[in-house]
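Just so it is clear: chains get the letters A, B, ... in the order the sequence lines come, proteins before strands, and each one is counted from 1.
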There are 2 protein chains.
Amino acid sequence: MPSLRDVAERAQVAVSTVSAALNGTRPVAAATKLRIEQAAAELGYRPNLLARGLQSKRTRILALLFPAPRSGFGLTEMQFATGAAEAAGELGYHLLLSPESADPIEELRHITGLGLVDGVLLMEVRLDDERTEFLSAAGVPFSMIGRTREPGSIDYADIDFAATARDAVAHVAGLGHRTLAFFNLSTDLYADGYGPATRAGEEFAAAARAAGIGYVDGYRPGSAEEGREAFERLLEAHPDVTALAVMDDHAAVGVIAAVAARGWRIPEDLTLMLVLSSARVAEMFNPRLTTLEPPSTELGRLGAQMLIDRLQGDGPPQRHLVPCRLVLGESSAPPRSLS
Amino acid sequence: MPSLRDVAERAQVAVSTVSAALNGTRPVAAATKLRIEQAAAELGYRPNLLARGLQSKRTRILALLFPAPRSGFGLTEMQFATGAAEAAGELGYHLLLSPESADPIEELRHITGLGLVDGVLLMEVRLDDERTEFLSAAGVPFSMIGRTREPGSIDYADIDFAATARDAVAHVAGLGHRTLAFFNLSTDLYADGYGPATRAGEEFAAAARAAGIGYVDGYRPGSAEEGREAFERLLEAHPDVTALAVMDDHAAVGVIAAVAARGWRIPEDLTLMLVLSSARVAEMFNPRLTTLEPPSTELGRLGAQMLIDRLQGDGPPQRHLVPCRLVLGESSAPPRSLS
DNA sequence: ATGAAAGCGCTAACAT
DNA sequence: ATGTTAGCGCTTTCAT
């Protein structure tokens with residue numbers, strides 16, 4: 001690999017001039033600059049990122065702290081990563097995938113202590129997240145995909161749960177349903193302070209109230225079996241329910257089975273929709289389910305962009321809320337009473 | 001961040017001694033070593049990877065070339081990444097996620113020219129893959145998840161398609177089926193030289209032949225709609241088929257619909273299994289499908305391990321073939337004629 | 001067994 | 001506008 005010196009020799013100038021010409025850090029005569037660029041091109045010169053980073057204290061590498069694959073892990077998480085990696089690449093940065101071990105704080109201490117990364121991207125942020133406190137205290141720039149209860153001045157990109165819930169409610173209300181039921185994520189996740197569980201729950205309730213339709217929640221099935229059970233309990237307690245939004249896609253499997261077991265059909269007897277599941281997952285169901293698809297790639301992109309913005313300058317904290325996209329399946333229809 | 005010099009001062013020794021003590025690169029008196037370690041611990045010293053890399057030409061960073069999300073993209077690809085990242089971490093390495101742009105070769109030239117990575121991990125390797133030629137020519141160490149037609153001396157970890165096909169055939173033959181049909185991946189992927197499409201196809205044929213059961217292939221549905229059609233054509237041409245293995249999970253959705261449309265049931269009238277789909281996907285179906293789950297995390301881990309082995313020493317090329325795991329669903333049963 | 005010093009490739013202050 | 005020079009934090013000869 002040719003170095004700056006090689007380019008300098010070939011262009012008959014000093015190294016610092018080459019550096020300046022290539023980085024635009026100080027004025028260089030047009031003719032000189034041309035010679036330098038030519039020499040660099042001929043040699044196939046590539047700046048050594050390590051040397052540059054050692055000197056400048058900026059590596060242009062971002063770490064994405066990647067949680068250990070939980071049960072309900074999939075596309076969404078991957079899209080955070082690919083979105084962030086893409087956006088980083090476009091802005092001249094690189095993304096390091098840092099799997100989170102048992103001790104996330106130790107992990108962070110490690111990765112930030114190496115001088116390898118300029119900043120950290122956090123995902124799967126919980127309402128109370130010790131990682132944010134550590135990073136703030138350590139003075140490491142970071143941004144969040146998702147958000148804590150009190151993001152303060154931390155940059156974040158999260159799902160716009162309020163808008164998402166409004167869209168969902170408007171969808172079922174528009175079809176003529178008068179009561180919507182909501183199955184939240186599993187009790188485990190909920191108790192763990194997983195943001196989407198809490199926020200989606202609250203916002204669905206609020207949106208239903210605002211729209212003036214009935215609303216039933218309190219169920220948190222985390223598996224097909226639990227989904228089946230929950231649905232049966234639901235109908236027992238609220239036989240008037242005609243529309244159901246489900247967050248856990250395995251629970252949806254159970255709901256569909258329970259619907260069939262009862263001799264009911266979707267969408268004739270029940271409008272069923274997924275919340276925060278990708279369309280790819282929704283179309284694995286039969287019938288194809290309506291879903292509110294999370295903007296995962298976009299959130300990943302925003303996460304990287306915000307962090308890079310922060311690294312390059314400052315400005316007020318960025319707060320992005322992106323709504324899910326309603327993807328219509330074959331599981332939405334007016335309630336039986338109207339048809 | 002404290003540097004080696006800080007540690008040296010505190011321990012009252014020369015920098016080079018600290019380096020030696022911490023890296024074990026030359027003998028250091030036990031007492032001195034202890035003092036140094038203590039000083040390092042007290043200061044919370046972390047070696048600066050950039051400085052180390054600049055000097056030693058080894059960064060302990062691996063790049064994972066991540067293809068642009070295709071249609072059938074999901075868990076599998078993510079597990080390659082997380083598996084590789086985990087294994088790398090355990091071995092003291094880091095994993096850079098490098099999304100592949102339109103021009104993969106340019107991408108590679110870029111990422112390897114920066115002096116940032118010690119080696120490259122390739123995934124989604126096609127039978128003829130220009131990336132391998134580039135890397136070989138450039139002298140960049142790399143390993144493959146998947147493999148080219150002629151891997152030569154390149155380290156790889158791939159699915160053991162022969163064993164996987166044998167297991168699948170044994171499963172259906174063991175249930176009493178006499179004829180197995182096989183739906184390959186979409187024509188696009190197949191034509192593109194995507195390894196699993198070709199290899200799975202060949203090995204299923206061979207395994208069926210070896211087991212002495214009938215075998216039907218030639219179908220490549222890449223969507224639910226195509227799956228439905230393919231199944232109808234299949235039954236028209238081969239009414240004796242009682243078992244079907246499907247590679248594309250969207251196609252499986254169509255098959256299931258077609259089965260239902262005919263008034264048939266699974267598994268009573270058709271044994272249906274997925275090939276190379278994760279159990280998590282298989283259980284989204286109703287009934288839960290039997291699947292041959294790819295060892296994706298394991299392949300990712302192996303990919304990283306092999307590459308690190310190669311970087312640290314040499315030895316004969318490593319070739320790992322890992323079979324899929326048969327995960328039983330509710331879609332497997334003896335053929336009707338036997339029940 | 002330990003220390004002194006050179007240098008990896010780059011940036012940035014300081015000269016000219 | 002350009003050149004000279006001093007490091008960034010580390011590894012690695014070469015001395016001692």
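Applying the side-chain hydrogen bond (donor to acceptor under 3.5 Å, both in side chains) test between A:D155 and each of A:Q305, A:R319, A:H320, A:R310 identifies A:R310 as the sole match.
Put simply, the side chain of B:Q55 and the base of D:dG9 share no donor and acceptor less than 3.5 Å apart. With hydrogens and angles ignored, no donor-acceptor pair closer than 3.5 Å exists between the side chain of A:S16 and the base of D:dT5.
Of the listed nucleotides (D:dG9, D:dT12, C:dG3), C:dG3 has the atom at the smallest distance from the side chain of B:V13. Of the listed nucleotides (C:dC10, C:dA1, D:dT11), D:dT11 has the atom at the smallest distance from the side chain of B:L4. The listed nucleotides are C:dC10, C:dT11, D:dT2; the one nearest the side chain of A:V28 is D:dT2.
Put simply, CG on B:N48 is 13 Å from C1' on D:dT11, counting in whole angstrom units. As rounded to whole Å, 14 Å separates atom P of D:dT13 from atom CG of B:N23. Put simply, CZ on A:R58 is 19 Å from P on D:dC8, counting in whole angstrom units. As a whole-Å value, the separation of B:L116 CG from C:dG9 C1' is 14 Å. At whole-Å resolution of the value, CG in A:L54 and P in C:dG7 are 17 Å apart. Going from atom CG of B:L50 over to atom C1' of D:dC8 covers 10 Å, rounded to whole Å. In this structure, the CD atom of A:E9 is 13 Å from the P atom of D:dG3, given to the nearest Å. A:L22 has its CG atom 14 Å from the P atom of D:dT2, to the nearest Å.
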Review point. How far apart are the C-alpha atoms of A:E298 and A:R301, what are their side-chain angles, what is the distance that settles it, and do they pass the salt bridge (charged side-chain N to carboxylate O under 4.0 Å, His left out) test?
Key: CA-CA 5 Å; A:E298 166 108 26; A:R301 299 190 66 92; over 6 Å; no
Exercise for review: Apply the test side chain to side chain donor-acceptor pair (under 3.5 Å) to residues A:E293 and A:S278: give CA-CA distance (whole Å), side-chain angles for both, the deciding distance (0.1 Å), then the verdict.
Suggested key: CA-CA 5 Å; A:E293 179 171 62; A:S278 74; 4.7 Å; no
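Using a 4.0 Å heavy-atom criterion, one finds that B:S3 contacts the sugar-phosphate atoms exclusively.
Contact of the B:I145 side chain with the B:L122 side chain is not registered, since no non-hydrogen atoms from C-beta on lie closer than 4.5 Å. With a 4.5 Å cut-off on side-chain heavy atoms, B:V125 and B:Y156 do not count as touching.
Comparing B:T17 and A:R26 against DNA chain D, the residue whose closest nucleotide sits nearer the 5' end is A:R26. Residue order along DNA chain C, read from the 5' end via each residue's closest nucleotide, puts B:A29 first among A:L49 and B:A29.
Dashed line: the shortest gap from a side-chain N or O of B:K57 to OP1 or OP2 of D:dT11 is not under 4.0 Å. Between C:dT11 and A:S19, a contact under 4.0 Å exists linking OP1 or OP2 to a side-chain N or O.
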